[in-house]
Amino acid sequence: MTDELFAGLPAAYRKGIFSTVTTFYFSVDEAKKTVTLGPDGCSVAEGKTAPAADCVCKTGADFLAKIWDEGYRPGPMDFMSGKIKSNAPQLLQQFLQAFGKA
């Protein structure tokens, strides 16, 4: 499921949310992906391709599916319990908006 989700991001991307290039590094179980969003589009690469991503997100595939497919929005307890970890939760919200998920 994780690979299909990331593979579909470029086609689902809505331009206009990110006015500057912003990088996201996702560690979802064994999958490691760098997603770059900007005014001109979205690209997805294997592994960590940016030296310092603007937003790092670590979670499990089941929790990501709950967010992506079921519309669940993580709250403070999800972050405090470690179900999802991020250095920039506000950018994750903007990420979801860029794909019509928020």
### Task
Check whether any side-chain heavy atom of Cys42 lies under 4.5 Å from a side-chain heavy atom of Pro10, and answer yes or no.
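Cys42 reaches Pro10 side chain to side chain.
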
### Query
Considering only heavy atoms from C-beta outward, does the side chain of Lys85 approach that of Phe79 to under 4.5 Å?
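Result no, sub-4.5 Å side-chain heavy-atom pair not found.
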
### Task
Go through the steps for Lys83 and Lys66 under the test side-chain contact (heavy atoms from CB on, under 4.5 Å), then give the verdict.
CA-CA 12 Å; Lys83 286 183 184 175; Lys66 187 175 179 179; 5.6 Å; no

Nearest heavy-atom pair of [X] and [Y]: which atoms, and what distance?
X: Gly60; Y: Asp29; result: CA-OD1, 3.3 Å
X: Pro74; Y: Ile84; result: CB-CG2, 4.1 Å
X: Cys55; Y: Leu92; result: SG-CD2, 3.7 Å
X: Thr23; Y: Ala53; result: OG1-CA, 3.2 Å
X: Arg14; Y: Gln97; result: CD-O, 4.0 Å
X: Asp78; Y: Ser81; result: O-OG, 3.2 Å

#### Entry: Member of Phe6, Phe95, Phe99 meeting the ring pair (Phe, Tyr, Trp, His ring centres under 6.0 Å) criterion with Phe24
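It is Phe95; the other options fail the test.
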
For [X], is the [atom1] atom crowded, meaning more than 12 foreign heavy atoms sit under 6.0 Å from it?
X: Lys58; atom1: NZ; answer: no
X: Gln90; atom1: CD; answer: yes
X: Asn87; atom1: CG; answer: yes

#### Entry: Residues that Ser86 engages under side-chain hydrogen bond (donor to acceptor under 3.5 Å, both in side chains), provided they are two or more places apart
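Here no residue qualifies.
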
### Query
Lys33: what forms a side-chain hydrogen bond (donor to acceptor under 3.5 Å, both in side chains) with it, not counting sequence neighbours?
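Listed in chain order: Asp3, Glu46.
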
### Message
Using the rule that Ile, Leu, Val, Met, Phe, Trp and Tyr join whenever any side-chain heavy atoms are under 4.5 Å apart, tell me whether Tyr72 and Leu5 fall into a single cluster.
### Response
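Yes; Leu5 is reachable from Tyr72 via cluster members.
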
### Query
Is Ile67 reachable from Val44 through a run of I, L, V, M, F, W or Y residues, each pair having side-chain heavy atoms under 4.5 Å apart?
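Yes: a chain of side-chain contacts under 4.5 Å links Val44 to Ile67.
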
### Test item: side-chain donor near acceptor, Ser27 and Lys32, under 3.5 Å
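Lys32 and Ser27 do have a side-chain donor-acceptor pair below 3.5 Å.
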
### Task
Indicate whether any N or O donor in one side chain lies under 3.5 Å from an N or O acceptor in the other, for Asp54 and Tyr25.
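Absent: no donor and acceptor within the cut-off.
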
### Task
Could you tell me whether a side-chain N or O of Tyr13 sits under 3.5 Å from a main-chain N or O of Gly38, the two making a donor and an acceptor?
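Pair found, side chain donor or acceptor close to backbone of Gly38.
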
#### Entry: Thr22 side chain vs Thr20 backbone, donor-acceptor pair below 3.5 Å
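Between the backbone of Thr20 and the side chain of Thr22 there is a qualifying donor-acceptor contact (under 3.5 Å).
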
### Query
Pick one: which of Thr34, Thr2, Thr59, Val35 meets side chain to side chain contact (heavy atoms under 4.5 Å, CB included) with Phe26?
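Option passing the side chain to side chain contact (heavy atoms under 4.5 Å, CB included) with Phe26: Val35.
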
### Query
Checking side-chain contact (heavy atoms from CB on, under 4.5 Å) for the pair Trp68/Leu96: CA distance, chi angles, key distance, verdict?
CA-CA 8 Å; Trp68 197 258; Leu96 290 172; 3.8 Å; yes

### Query
OG/Ser43 to CG/Leu37 distance, rounded to the nearest 0.5 angstrom?
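Ser43 atom OG to Leu37 atom CG measures 8.0 Å (nearest 0.5 Å).
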
